[in-house]
**Student:** 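Supplied in structure tokens, the structure appears directly below.
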Amino acid sequence: MQDNMITEFLNLRHKIISAEFSRMNEFQREAVLTTNGPLLVLAGAGSGKTTVLVNRIACILKYGDAANSEYMPQGLNNNDITYLKSCLESGSFADERLSALLAVDPPAPWKIIAITFTNKAANEMKNRLSSMLGEKASDIWACTFHSACARILRRDIDKLDMGYSGSFTIYDTNDVVALLRDCCREIAGDDRSFVTKTAMPIISRAKEKNLDPAAFEASAGTDYRLKKLAVVYYKYQEALRRANALDFDDMLRLTVKLFEKRPEVLEYYQNRFKYVLVDEYQDTNHVQYKLVSMLAGKHKNLCVVGDDDQSIYRFRGATIENILSFEHQFKAARVIKLEQNYRSTSVILDAANAVIKNNAGRKGKNLWTENSKGENVTVCRFDDEPGESQYIADTILEGIKGGMKFAQHAVLYRMNAQSSSIEKAFVRAGIPYRIIGGHRFYERLEIKDIVAYLCVLKNTGDNLHFSRIVNAPKRSIGSATVAAALEIAEQVSMTLYDVFLHCDEFAYFSKKVSRISGFMKDLEDLRGMIDNIPLHELIKSVMIKSGYLAALEAENDSEAKERIENLSTLVSNAAEYEKNSDEPTLEGFLEEAALMADIDNYDNSADTVVMMTVHSSKGLEFPVVFIAGMEEGIFPGQNSAAFPEELEEERRLAYVAITRAKEKLHISYARGRMLFGSTVYNRPSRFIAEIPDELKNSVNERPVVEKHKIPAKVPAVRTENRSVSQKHPTTVVYSPGDTVLHNVFGRGMVLSSKPMGGDTLLEIAFESFGTKKLMSNFARLTKE
DNA sequence: AAGCTAAGCGTTTTT
DNA sequence: CGCTTAGCTT
């Protein structure tokens, strides 16, 4: 077979495989087709980056591996080529002959890893891959840095000989703060801000540089403050190890360490992943760079995609250097720029370009578009933030009148603190909205409590989570008892759990033995269930046996109601996880819980306006975007003005914000705004001035919006991310004999019903949980 | 042990 | 302003 025939065949085949290929520009195609060697794709905002990544993966499979191997159809001839052409022309792709020509996938597993920063991006990629490549796409690792590391460590962390086992738990930031606080107590007392502002960042930075406590101590030199922190670092690491827990930094750091210490493990993964792809490369930090270069070290098929203009995570260690010096670090790297924007109108794009060009440290890239000019950017000035919020609400309502959907609007702001006044305006105007970020589902008190129970069940050495649950719900085992137990635990080097388990052996607990051992018996019982019942059943049992649910139900107010609802969401999340996972385990579920971000759950199916910080908005797009609070001191933030690098980061942030808009951009600022309890007066942001006048309609004096009465308390119509389902007002009447379903207790029969204070007290005999008393409006029952 | 009140403090945030 | 937390009271 002639080479050119093969080439033509492969080309044609790829066109058919990748339905989107025909719509790509030449640069996108080049990025898709260049499958060997290091490649840097500088992808501007809205340039079809995800499409390129996904098609590139398809192309590696169908073209890269297959081209040089036996995975070609036998006896290919000119007729086949003609046939493929006719398929393309007619657009009919479904028959047997064609399938035979396409069915030349390389053997499984498909050796590709695509690393992203958020689960959302990973999931999007997974979905697109499986719709394009079918079931075998599940061979491909499309995951975040952290989930990749978790998977690698679960398998082999014991080979590090550091005392960790593969069933480790992951500590999130809150856990870390709590743990570090204990470790800092000796040198800083109860100073919380010392922990969050000094200890945590310094230790985090040390970990990122791959420094363990000993190396950190050595690097501290004579600096007495750092020496003290080294002691904290030792303590902290020891506490983590005792709890068999990893923090987010450890997950990356220990993976690199594992690769260094055990070359055979690294080699295994180098062979497993012949092709490595990294999305949002501009946001990688040093460990991540290290990890990527180790993984790709053998085959050098590393493709990184990023936009130096969208690097906005410097504050958490991302170094823009990684992308700026890619060509230097990976010799013979090819660079492809994607500069055509498919997202925004030319006005919006020109505005974004005009702003970002004021930055010095960039690769240089000028986005252009064939899209129409569109409306000018509206820039509006207000006296205060209620006025600004009102304007946003009014403008959205006008849009709705004009036939737009709520979901086509997004409000972006620099900091979460800005959301409340906009929220109030939306509540008044009856605009449905949701806030992304703020607090996450798994950060809610009740969720953290139940998850803490699960952590302890999995690993009884987890003192941190144990002390969290020991008195939640209240069971009269208070802080004094825990403090004493902790001291005993340390002295006899036992876990807190074991001290409580054997509390009868310690004189101190003599008066509390019955209470404590009752609690411990429940825990032990639950522990016995771990491997015997499905995960979501286990979680239900935890909620019941611990008395947590009963305590909430006894509270009987709207807040408790919401918490119960959240808990049943947790149960259904677990059930969902079990359904989707090949090998559901408790630690797998906990891992997913720890690695889950708020934005990951955002789907735009519900028709609501979306509010979020600019950071959260990266990667999203909306027809109409409002950027609120464009003021010096807010955006750019107060502390960034003095430092050129930070100012450039703010400008990149502004660039990200502007480029979220597809059709219409509104920028607003207030002359004064209430911030943290006092009014601050700011000048309009310099970024506004950087947008050329001919691209904006400035409304400098808005008619003073008359002060609207703000309701004393904002009604809780706030559509939180998870609890989108509206609470159905229970007008249902239950009478004795009815069969009902409860979210947690399952099926039961109503024994009695008594009207009580506007609600009804039901006594229900459940099939598996005995007889319970519940408030009707509360319990979210359904009649069967 | 639990509840209440005064005091403090407050970028951006994923994992 | 609104939330968390320390520390005091019962």
Side-chain angles (χ1 to χ4, degrees), chain A residues 115-122 143-150 170-177 181 189-193 196-197 201 204 207-208 246-253 280 283-285 287-288 312-318 385 412-421 424 436-440 442-443 445 470-471 473-483 511-512 515 591-600 612-619 629 633-641 646 649-650 652-654 656-657 673-680 710 713-714:
Chain A
I115 310 175
T116 61
F117 272 82
T118 63
N119 288 305
K120 186 176 162 54
C143 54
T144 62
F145 270 102
H146 287 84
S147 52
C149 290
I170 298 168
Y171 272 17
D172 66 17
T173 312
N174 287 308
D175 297 331
V176 168
V177 171
R181 209 163 164 182
D190 267 324
D191 189 346
R192 194 190 145 85
S193 72
T196 54
K197 284 183 175 163
S204 176
K207 290 190 172 194
E208 194 194 287
L246 304 185
D247 64 20
F248 290 127
D249 294 313
D250 275 347
M251 295 177 70
L252 300 166
R253 179 181 131 248
E280 307 283 13
D283 289 332
T284 51
N285 62 26
V287 210
Q288 286 163 333
I312 55 175
Y313 286 109
R314 208 175 82 96
F315 69 89
R316 69 170 196 222
E385 84 280 2
L412 309 184
Y413 34 80
R414 181 63 236 275
M415 39 186 176
N416 280 316
Q418 286 169 257
S419 67
S420 66
S421 101
K424 282 177 193 159
I436 309 283
H439 38 254
R440 296 185 243 168
Y442 283 96
E443 270 171 28
L445 188 76
V470 74
N471 206 26
K474 300 251 162 23
R475 48 173 77 88
S476 291
I477 307 177
S479 53
T481 312
V482 175
K511 282 182 188 154
K512 303 185 176 87
R515 264 203 302 259
E591 175 184 316
E592 198 178 89
L595 299 181
M596 176 78 69
D598 202 17
I599 190 94
D600 297 333
M612 68 187 105
T613 62
V614 181
H615 280 91
S616 299
S617 75
K618 195 156 84 161
I634 306 255
F635 198 177
Q638 196 157 25
N639 330 13
S640 57
E646 293 197 13
E649 174 118 335
E650 294 285 313
R652 291 192 290 270
L653 206 46
V656 168
R673 85 172 50 232
M674 184 70 107
L675 202 63
F676 302 134
S678 53
T679 308
V680 288
I710 293 170
K713 200 176 179 204
V714 177

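So that the names make sense, note that chain A is the first sequence line, chain B the second, and so on, each numbered from 1.
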**Student:** Can you check whether S476(A) has a side-chain N or O nearer than 4.0 Å to OP1 or OP2 of dA2(B)?
**Tutor:**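 So the side chain of S476(A) is within the cut-off, an N or O lying under 4.0 Å from OP1 or OP2 of dA2(B).
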
**Student:** Output the single nucleotide from dT13(B), dA1(B), dT11(B) whose closest atom is nearest the side chain of E646(A).
**Tutor:**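 Among dT13(B), dA1(B), dT11(B), the one nearest the side chain of E646(A) is dT11(B).
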
**Student:** Starting from the 5' end of DNA chain B, give me the residue, K512(A) or F248(A), whose nearest nucleotide shows up first.
**Tutor:**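 Mapping each residue to its closest nucleotide by heavy atoms, the 5'-most match is K512(A).
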
**Student:** Can you figure out which of dG10(B), dT11(B), dT14(B) approaches the side chain of T118(A) most closely?
**Tutor:**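 Closest of the options to the side chain of T118(A): dT14(B).
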
**Student:** Using atom CD of Q418(A) as one end and atom C1' of dG2(C) as the other, report the distance to the nearest whole Å.
**Tutor:**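 After rounding, the gap between these two atoms is 16 Å.
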
**Student:** Regarding dT11(B), can its base be found pairing with the side chain of R414(A) as donor and acceptor, where the two atoms are less than 3.5 Å apart?
**Tutor:**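 Under the 3.5 Å cut-off, the side chain and the base do not form any donor-acceptor pair.
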
**Student:** Which part of the nucleic acid, if any, lies within reach of G677(A) when heavy atoms closer than 4.0 Å are counted: base, sugar-phosphate only, or nothing?
**Tutor:**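 Base, at least one base heavy atom under 4.0 Å.
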
**Student:** Check whether any side-chain N or O of N119(A) sits under 3.5 Å from a backbone N or O of L595(A) as a donor-acceptor pair, and report yes or no.
**Tutor:**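 A pair under 3.5 Å: yes.
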
**Student:** Looking for any heavy atom pair under 4.0 Å, which part of the strands does D172(A) touch: base, sugar-phosphate only, or nothing?
**Tutor:**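 Nothing, no nucleic acid heavy atom in range.
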
**Student:** Rounded to whole Å, how long is the line connecting atom CZ of R652(A) with atom C1' of dT12(B)?
**Tutor:**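 For the pair R652(A) CZ and dT12(B) C1', the rounded distance is 13 Å.
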
**Student:** Give the rounded distance in Å between these two atoms: CZ of R475(A) and C1' of dA2(B).
**Tutor:**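 About 16 Å, once rounded to whole Å.
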
**Student:** Residues two or more places apart in sequence or in another chain: which of them pass ring-ring contact (aromatic ring centres under 6.0 Å, His included) with Y413(A)?
**Tutor:**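 With neighbours one apart ignored, the set is empty.
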
**Student:** Which whole-number value in Å describes the distance from D283(A) CG to dT13(B) P?
**Tutor:**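 Taking atom P of dT13(B) as the reference, CG of D283(A) is at 14 Å.
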
**Student:** Out of curiosity, Y171(A) OH to D250(A) CG, how far, rounded to the nearest 0.5 Å?
**Tutor:**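 Answer for the OH-CG pair, Y171(A) versus D250(A), is 12.0 Å.
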
**Student:** Stacking check: are the rings of Y313(A) and dT14(B) less than 5.5 Å apart at their centres and under 30 degrees in tilt?
**Tutor:**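 Here Y313(A) fails the 5.5 Å or the 30° condition.
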
**Student:** Name all residues meeting the side-chain hydrogen bond (donor to acceptor under 3.5 Å, both in side chains) criterion together with T481(A); count only those two or more places apart in sequence or in a different chain, and write none if there are none.
**Tutor:**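 If we apply the side-chain hydrogen bond (donor to acceptor under 3.5 Å, both in side chains) test to T481(A), skipping adjacent residues, there are no hits.
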
**Student:** Report yes or no: do T173(A) and D175(A) form a side-chain donor-acceptor pair below 3.5 Å?
**Tutor:**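 Distance-only check fails for T173(A) and D175(A).
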
**Student:** OP1 or OP2 of dT5(C) less than 4.0 angstrom from a side-chain nitrogen or oxygen of R192(A), does that happen here?
**Tutor:**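 Result: yes.
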
**Student:** Measure from the side-chain heavy atoms of E650(A) and tell me the nearest of dG2(C), dT11(B), dA2(B).
**Tutor:**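 Among dG2(C), dT11(B), dA2(B), the one nearest the side chain of E650(A) is dT11(B).
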
**Student:** Side chain to side chain contact (heavy atoms under 4.5 Å, CB included), that's the test. Do F145(A) and V287(A) meet it? Break it down for me.
**Tutor:** CA-CA 10 Å; F145(A) 270 102; V287(A) 210; over 6 Å; no

**Student:** Would you mind telling me which of dA1(B), dG10(B), dT13(B) lies closest to the side-chain atoms of A480(A)?
**Tutor:**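 Closest of the options to the side chain of A480(A): dA1(B).
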
**Student:** Between atom CG in N119(A) and atom P in dT13(B), what is the gap in whole Å?
**Tutor:**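 For the pair N119(A) CG and dT13(B) P, the rounded distance is 17 Å.
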
**Student:** Less than 4.0 angstrom between a side-chain N/O of T613(A) and OP1 or OP2 of dT13(B), yes or no?
**Tutor:**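 Yes, within the criterion.
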
**Student:** What does K197(A) touch in the nucleic acid at a heavy-atom separation under 4.0 angstrom: a base, only the sugar-phosphate, or nothing?
**Tutor:**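 Touches sugar-phosphate only.
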
**Student:** Quick check for you: among dT11(B), dA2(B), dT12(B), whose closest atom lies nearest to any side-chain atom of H615(A)?
**Tutor:**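 Within the option list, the nearest is dT12(B).
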
**Student:** Quick one: N174(A) CG to dT14(B) P, roughly how many Å, whole number?
**Tutor:**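 Taking atom P of dT14(B) as the reference, CG of N174(A) is at 12 Å.
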
**Student:** Measure from CG on N416(A) to C1' on dT14(B) and round the result to the nearest Å.
**Tutor:**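 Result: 13 Å.
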
**Student:** Regarding F117(A), tell me which of base, sugar-phosphate or nothing describes its non-hydrogen contacts under 4.0 Å with the strands shown.
**Tutor:**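 Counting heavy atoms under 4.0 Å across all strands, the contact made by F117(A) is with sugar-phosphate only.
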
**Student:** Choosing from dT5(C), dT11(B), dA2(B), which nucleotide comes nearest the side chain of M415(A)?
**Tutor:**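 Nucleotide nearest to M415(A)'s side chain: dT11(B).
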
**Student:** So if I take every side-chain heavy atom of N471(A) and compare against dT13(B), dT12(B), dA2(B), which nucleotide ends up nearest?
**Tutor:**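 Out of dT13(B), dT12(B), dA2(B), the nucleotide with an atom closest to N471(A)'s side chain is dA2(B).
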
**Student:** Select from N639(A) and T144(A) the residue whose nearest nucleotide in DNA chain B is closer to the 5' end of that strand.
**Tutor:**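 Final value for this comparison: N639(A).
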
**Student:** Touch check for D249(A), heavy atoms < 4.0 angstrom, all strands: base, sugar-phosphate only, or nothing?
**Tutor:**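 Counting heavy atoms under 4.0 Å across all strands, no contact is made by D249(A).
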
**Student:** Could you check whether any side-chain heavy atom of E385(A) comes within less than 4.5 Å of a side-chain heavy atom of Q418(A), counting everything from C-beta outward?
**Tutor:**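 The answer is no; the side chains never approach within 4.5 Å.
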
**Student:** Counting any heavy atom closer than 4.0 Å, what does T173(A) reach on the DNA or RNA strands: base, sugar-phosphate only, or nothing?
**Tutor:**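 The answer is base, as T173(A) lies within the cut-off (heavy atoms under 4.0 Å) of a base atom.
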
**Student:** dA1(B), OP1 or OP2 - any side-chain N/O from T481(A) closer than 4.0 Å?
**Tutor:**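 The answer is yes; a side-chain N or O of T481(A) sits under 4.0 Å from OP1 or OP2.
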
**Student:** In this structure, how many angstroms lie between the C1' atom of dG10(B) and the CE atom of M674(A), rounded?
**Tutor:**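 Distance check: M674(A) CE to dG10(B) C1' gives 15 Å.
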
**Student:** Looking at dT13(B), does its base get a donor-acceptor pair with the side chain of R316(A) below 3.5 Å?
**Tutor:**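 No such pair is found, so the answer is no.
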
**Student:** Using a 4.0 Å heavy-atom cut-off, does I477(A) contact any base of the nucleic acid, only the sugar-phosphate backbone, or nothing at all?
**Tutor:**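 Sugar-phosphate contact only - I477(A) comes under 4.0 Å of backbone atoms but never of a base.
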
